[in-house]
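Since the model is a prediction, treat every value here as computed from it, not as a measurement. Basis for what follows: all heavy atoms, side chains included, without hydrogens, waters or symmetry-related copies.
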Amino acid sequence: MIDKTTTADKALANVRGGASVMLGGFGSPGTPFTLIRALLARGLTGLTLIKNDANEQGIGISTLIEAGCAERFVVSHMGLNGAVIEMMNRGELEVEMHPQGLLAEKIRAGGAGLPGLLTDIGLETILREQKETIQFQGRTCIVEPSLRADAALIHAARADRWGNLVFEKTARNFNPLMATASDLVIVEALEIVETGALDPDAVHLPGAFVDHVVPADTRNEAYGVLKHHVL
């Protein structure tokens with residue numbers, strides 16, 4: 001059986017400047033802090049980052065944006081991060097905002113191999129501007145392209161060496177979807193066990209979607225944010 005465990009630096013070696021990168025997490029829970037810190041150390045620029053939220057200033061994905069690594073940000077919520085909002089307002093960061101459910105569905109469609117989806121979300125608002133619409137079964141629908149990325153950085157509670165994954169709580173919202181919608185999938189796991197040690201019925205994402213497994217470095221102080229969010 002293939003052993004996919006490696007270091008964060010080796011796993012991220014094929015992520016280049018200008019790449020599109022999905023990052024899992026629903027707020028802080030499920031955010032791959034170890035992988036984000038390793039990506040930040042590479043000093044890449046021109047990245048397109050895709051995440052449900054902007055974390056908080058100085059934490060997680062915000063560190064990449066504040067350091068100037070990102071050129072474009074696809075997101076559904078930035079309200080807890082004044083630094084990123086200010087960068088958007090100064091024109092230093094291009095932001096593409098979607099309602100949370102629609103963002104998740106665009107990623108799910110990308111993972112399913114669909115080119116896009118039809119929706120009436122935002123039909124009577126400014127969200128319709130500059131978007132293609134069609135008539136379908138007597139209804140006007142907005143055509144929303146699906147989302148895929150060059151790489152996904154995701155967080156799991158447990159993994160085996162082949163990459164079978166178990167998620168906890170809200171970490172299960174975006175991480176599995178992003179793993180199916182990216183060409184390169186790197187997972188950090190709080191616990192790594194031998195292949196076969198996980199109950200097959202408890203596996204949320206099969207290892208076929210995962211390229212590399214990295215141990216999460218819980219000495220990273222960002223994981224402490226979880227205590228006041230979910231515990």
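- Nearest approach of Glu188 to Thr34, heavy atoms of both residues: OE1-N, 2.9 Å.
- Remark: Glu132 pairs with no residue by the side chain to side chain donor-acceptor pair (under 3.5 Å) rule, at least two apart or across chains.
- Under a hydrophobic-cluster definition in which Ile, Leu, Val, Met, Phe, Trp and Tyr are linked whenever side-chain heavy atoms come within less than 4.5 Å, directly or via other members, Ile36 and Val21 are assigned to the same cluster.
- The aromatic rings of Phe174 and Phe26 lie parallel to each other, their planes meeting at an angle below 30°, with 60° marking the opposite boundary.
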*List the steps and the verdict of side chain to side chain contact (heavy atoms under 4.5 Å, CB included) for Met22 and Leu147.*
CA-CA 10 Å; Met22 290 183 176; Leu147 270 175; 4.1 Å; yes

*Go through Leu190 and His155 one step at a time and tell me if the side chain to side chain contact (heavy atoms under 4.5 Å, CB included) criterion holds.*
CA-CA 8 Å; Leu190 295 174; His155 172 98; 3.8 Å; yes

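- Taking hydrophobic clusters as Ile, Leu, Val, Met, Phe, Trp and Tyr residues chained together by side-chain heavy-atom distances below 4.5 Å, Ile192 shares a cluster with Leu165.
- Rounding to the nearest 0.5 Å gives a distance of 14.0 Å between CZ of Arg161 and CD1 of Ile2.
- The salt bridge (Lys or Arg N to Asp or Glu O under 4.0 Å) pairs that include a residue from residues 200-214 number zero, where partners must be two or more places apart or lie in different chains.
- In this structure, Pro32 and Ile154 have side chains that are not in contact, with every pair of non-hydrogen atoms separated by 4.5 Å or more.
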_Step-by-step side chain to side chain contact (heavy atoms under 4.5 Å, CB included) determination, Leu49 to Lys51_ = CA-CA 7 Å; Leu49 301 180; Lys51 190 178 188 299; over 6 Å; no

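- Note on Leu23: it clusters hydrophobically with Met97, by side-chain heavy-atom contacts below 4.5 Å among ILVMFWY residues.
- Shortest non-hydrogen contact noted between Leu80 and His77 is CG-NE2, 3.9 Å.
- In summary, the side chains of Asp3 and Thr5 do present a donor paired with an acceptor at a separation below 3.5 Å, with no hydrogens or angles considered.
- Under the 3.5 Å distance criterion, the side-chain polar atoms of Asn164 are left unmatched by any main-chain donor or acceptor of Asp160.
- With hydrogens and angles disregarded, no donor-acceptor distance shorter than 3.5 Å links the side chain of Arg158 to the backbone of Leu198.
- To the nearest 0.5 angstrom, Ile61 atom CD1 is 11.5 Å from Leu40 atom CG.
- A salt bridge (Lys or Arg N to Asp or Glu O under 4.0 Å) check over residues 76-93, counting only residues at least two apart or in different chains, returns the pairs Glu86-Arg90, Arg90-Glu92.
- Other members of the cluster containing Ile121 are Leu102, Leu117, with ILVMFWY side chains joined at under 4.5 Å, either directly or via other members.
- When the side chain to side chain donor-acceptor pair (under 3.5 Å) test is applied to Gln57, no partner is found at least two apart in sequence or on another chain.
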Show the atom names and distances, to 0.1 Å, of all donor-acceptor pairs under 3.5 Å that link a side chain in residues 63-71 to residues at least two apart or in another chain.
{"from": "Thr63", "atom 1": "OG1", "to": "Gly60", "atom 2": "O", "distance (Å)": "2.6"}
{"from": "Glu66", "atom 1": "OE2", "to": "Gly58", "atom 2": "N", "distance (Å)": "2.8"}
{"from": "Glu66", "atom 1": "OE2", "to": "Ser62", "atom 2": "OG", "distance (Å)": "2.4"}

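- In plain terms, the two heavy atoms of Ala8 and Leu35 that are nearest each other are CB-CD2, 4.1 Å.
- Judged as a salt bridge (Lys or Arg N to Asp or Glu O under 4.0 Å), the pairs with a partner in residues 107-123 (not counting sequence neighbours) are, in order, Glu105-Arg108, Asp120-Arg139.
- Annotation for Asn52 and Gly27: closest pair ND2-N, 4.5 Å, computed over non-hydrogen atoms.
- Taking Asn14 as the reference, nothing meets the side chain to side chain donor-acceptor pair (under 3.5 Å) condition, with sequence neighbours excluded.
- When His212, Lys4, Lys10 are each tested for a side-chain contact (heavy atoms from CB on, under 4.5 Å) with Ile186, only one passes: His212.
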Distance-only check: which donor-acceptor pairs under 3.5 Å involve side-chain atoms of residues 122-131, not counting sequence neighbours?
{"from": "Thr125", "atom 1": "OG1", "to": "Gly122", "atom 2": "O", "distance (Å)": "2.9"}
{"from": "Thr125", "atom 1": "OG1", "to": "Leu127", "atom 2": "N", "distance (Å)": "3.0"}
{"from": "Lys131", "atom 1": "NZ", "to": "Glu144", "atom 2": "OE2", "distance (Å)": "2.6"}

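- In this view, Arg72 and Thr48, Val74, Glu94, Glu96 satisfy the side-chain contact (heavy atoms from CB on, under 4.5 Å) rule, not counting sequence neighbours.
- Nearest approach of Ala189 to Ala159, heavy atoms of both residues: CB-CB, 3.7 Å.
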*Tell me, with the steps shown, if Leu39 and Leu44 meet side chain to side chain contact (heavy atoms under 4.5 Å, CB included).*
CA-CA 8 Å; Leu39 182 62; Leu44 302 177; 3.8 Å; yes

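- Clustering ILVMFWY residues whenever any of their side-chain heavy atoms sit less than 4.5 angstrom apart, transitively, puts Leu12 in a cluster other than the one holding Val210.
- Partners of His204 according to the side chain to side chain donor-acceptor pair (under 3.5 Å) rule, which considers only residues two or more places apart in sequence or in another chain, are Arg172.
- Considering every non-hydrogen atom in both Ala54 and Asn81, the closest pair reads O-ND2, 3.1 Å.
- Note on Phe167 and Val185: same hydrophobic cluster, where clusters join Ile, Leu, Val, Met, Phe, Trp and Tyr whose side-chain heavy atoms are under 4.5 Å apart, directly or indirectly.
- Using modelled atom types, no side-chain atom of Ser182 and backbone atom of Ala179 make a donor-acceptor pair closer than 3.5 Å.
- Side-chain atoms of Met78 and Phe73, non-hydrogen and from C-beta on, do get closer than 4.5 Å to each other.
- Ile134 forms part of a hydrophobic cluster together with Leu118, Phe136, Val143, judged by ILVMFWY side-chain heavy-atom separations under 4.5 Å.
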